[in-house]
2 protein chains.
Amino acid sequence: MSARRHVIRPATLEAIVEAAIRVLNANAGATMSEVAAQAGVGRATLHRHFHTRDDLVSAIGIRCIEDMNAAVRAEATAGQSAVDRLRSMFRAVIPLGDRYSFLGTNCTDDPRVREGYGMQLQWVMALVEDLKEQGDVDRDVPSPWVAAQIDQLVWTAWNAIAAGYLSADEATELALRTLTEGLR
Amino acid sequence: MSARRHVIRPATLEAIVEAAIRVLNANAGATMSEVAAQAGVGRATLHRHFHTRDDLVSAIGIRCIEDMNAAVRAEATAGQSAVDRLRSMFRAVIPLGDRYSFLGTNCTDDPRVREGYGMQLQWVMALVEDLKEQGDVDRDVPSPWVAAQIDQLVWTAWNAIAAGYLSADEATELALRTLTEGLR
DNA sequence: TCCATATGAGACATTGATGTCGCAAATGTG
DNA sequence: CACATTTGCGACATCAATGTCTCATATGGA
């Protein structure tokens, strides 16, 4: 389609992606200049590889949702119990909390992002069904509530780790416990 | 300080506040024109009563945090058990989910908003201590985790009601149950 | 080392939102 | 009904961010 005149250097791309996630998480309305500065990159370089600001946000959004989908699926192993699969998912997804946050406040309407989100929701809903099947979650609880709870727990766990009062493993186990047994 | 030349009409103020919450929740970068249009008000009228855009966002933010703090405190009755106080808080705060959402994405740095948020956090942390005291929450669970969980449950409950799959009472009880007993 | 090219820096035009103003009309109050 | 004042509308200047371009420099591969 568009033959890019310039080929982006891997290091440059990585710096831009990480900076954009960081800066746009702090302020969804952040400027191209701010992103460039945080990335240690010239503003023109941003425009060279991401034609418009929307292109940049969309590209990062797509990358984030792909990262998360990949993480969710990579850990799924046949023969595992539902709880074990949930644990694997937590382990893989919690470290991507910054991606999760980015998607929550940016490009909430991009079709490709929505599609990726739909696939993830589908996967989680299937897991919820299995959790109910195996008696880990009460059948009477609406599945959307369980799915929402799982989503929120990922975010809470990421914050706990970022705040430093829990290790990754502790946060994962506490999230599992919160969902099934509660905090009593 | 500033003697306003124009006195705002209550109906006008109400329309602006509600429209601003609605529009800025859908898109944090929304324009003054969009807010004015949604409020059924001239753009100049916005500027007449809220000198700058920041003034508008701050004013709404302060109102939101005040609404929430008022709701949290209004329901506190002496002699109630910790769980009953938590239930009262859920009942009062969950309907303010749109306020909560607004504060999450706008004016995250306004000093007065931060102060109000700090007071609310303080109140919740005190409640968490009482919940631990009465055995409703395990002492081993870090209090920040419990507080975060309570916050998230308010938001989840509001969404469930907005989505229509739970009534206000059902959402309140399910939130309580999720926190203490879990979903098993 | 040399060469191809990606990058940084800065100038530039353009665009869209902001904030101000004046005036005519609507509103509500007595 | 008459009066005072808020409101809507449109014109306007201003400003900040966007997107484009050029050229000198830095970078990495052969």
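No experiment lies behind these values; they were computed from the predicted model shown. Chain identifiers are assigned alphabetically (A, B, ...) following the order of the sequence lines, protein sequences preceding nucleic acid strands; residue numbering begins at 1 within each chain. The figures that follow rest on heavy atoms only: side chains count, while hydrogens, waters and symmetry mates do not.
Under 3.5 Å, the side chains of Ser81(B) and Gln134(B) contain no donor-acceptor pair of N or O atoms. Side-chain contact annotation: Asp136(B) with Thr180(B), donor-acceptor N/O pair under 3.5 Å absent. A donor atom on one side chain and an acceptor atom on the other are not found under 3.5 Å apart for Ser101(B) and Trp158(B).
Between the CG atom in Leu166(A) and the CG atom in Asn159(A) there is a gap of 11.0 Å [rounded to 0.5 Å]. Going from atom CD of Glu181(B) over to atom CG of Leu183(A) covers 11.5 Å, rounded to the nearest 0.5 Å. How far CG of Leu121(A) is from CG of Asp151(A): 8.0 Å, rounded to the nearest 0.5 Å.
Within residues 21-34 of chain A, no residue has a heavy atom under 4.0 Å from DNA chain C.
Looking at residues two or more places apart in sequence or on another chain, you find a side-chain hydrogen bond (donor to acceptor under 3.5 Å, both in side chains) between Glu170(A) and Ser167(A).
Over its length, the helix from dT1(C)-dA30(D) to dG30(C)-dC1(D) turns its helix axis by 50°, as judged from the five terminal pairs at each end, rounded to 10°.
If you measure from atom NE2 of His47(B) to atom P of dC12(D), you get 18 Å, rounded to the nearest angstrom. Rounded to whole Å, atom C1' of dG8(D) lies 12 Å from atom CD1 of Ile16(B). Distance CZ (Arg53(A)) to P (dA17(D)): 11 Å, rounded to an integer number of Å. For Glu14(B) and dT6(D), the CD to P distance is 19 Å, given to the nearest whole Å. Computed from coordinates, the Leu46(A) CG to dA17(D) C1' distance equals 13 Å when rounded to whole Å. With rounding to whole Å, Phe50(A) atom CZ is found 13 Å from dG19(D) atom P. Arg48(B) has its CZ atom 15 Å from the P atom of dT5(D), to the nearest Å.
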I'd like to know whether Arg139(B) forms a side-chain contact (heavy atoms from CB on, under 4.5 Å) with Glu133(B), so could you lay out the CA-CA distance, the side-chain angles of the two residues, the decisive distance to 0.1 Å, and finally the verdict. CA-CA 8 Å; Arg139(B) 291 221 77 90; Glu133(B) 199 70 42; 4.1 Å; yes

Evaluate the criterion side-chain hydrogen bond (donor to acceptor under 3.5 Å, both in side chains) for residue pair Gln152(A) and Thr156(B); output intermediate values, then yes/no. CA-CA 8 Å; Gln152(A) 305 282 31; Thr156(B) 303; 3.1 Å; yes

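Closest non-hydrogen pair, Met32(A) versus Leu46(A), comes out as O-CD2, 3.4 Å.
Taking 4.0 angstrom as the limit, Thr45(B) places none of its side-chain polar atoms (N or O) nearer than this to OP1 or OP2 of dT7(D). Regarding contacts with the backbone of dT6(D), every side-chain N or O of His49(B) stays at 4.0 angstrom or more from both OP1 and OP2.
Projected onto DNA chain D by closest heavy-atom contact, Gly40(B) and His51(A) fall at different nucleotides, the more 5' of which corresponds to Gly40(B).
Atom CZ of Arg114(A) sits in a sparse spot, with 12 or fewer heavy atoms from other residues, nucleotides or ligands closer than 6.0 Å.
Of the candidate nucleotides dC21(D), dA11(D), dC9(D), dC21(D) has the atom lying nearest to any side-chain atom of Ala44(A).
Asp138(B) has a carboxylate O that lies under 4.0 Å from a charged side-chain N of Arg177(A), or vice versa, which qualifies the two as a salt bridge. Salt bridge absent: Glu129(B) and Arg85(B) never bring a charged side-chain N and a carboxylate O closer than 4.0 Å.
On the nucleic acid side, DNA chain C has its first and last nucleotide under 4.0 Å of a heavy atom of chain A at dA6(C) to dA11(C), going 5' to 3'.
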Pairs under 3.5 angstrom, nitrogen or oxygen only, protein versus nucleotides 27-30 of chain D, please.
none

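Note on residues 94-124 of chain B: no pairs pass ring pair (Phe, Tyr, Trp, His ring centres under 6.0 Å), not counting sequence neighbours.
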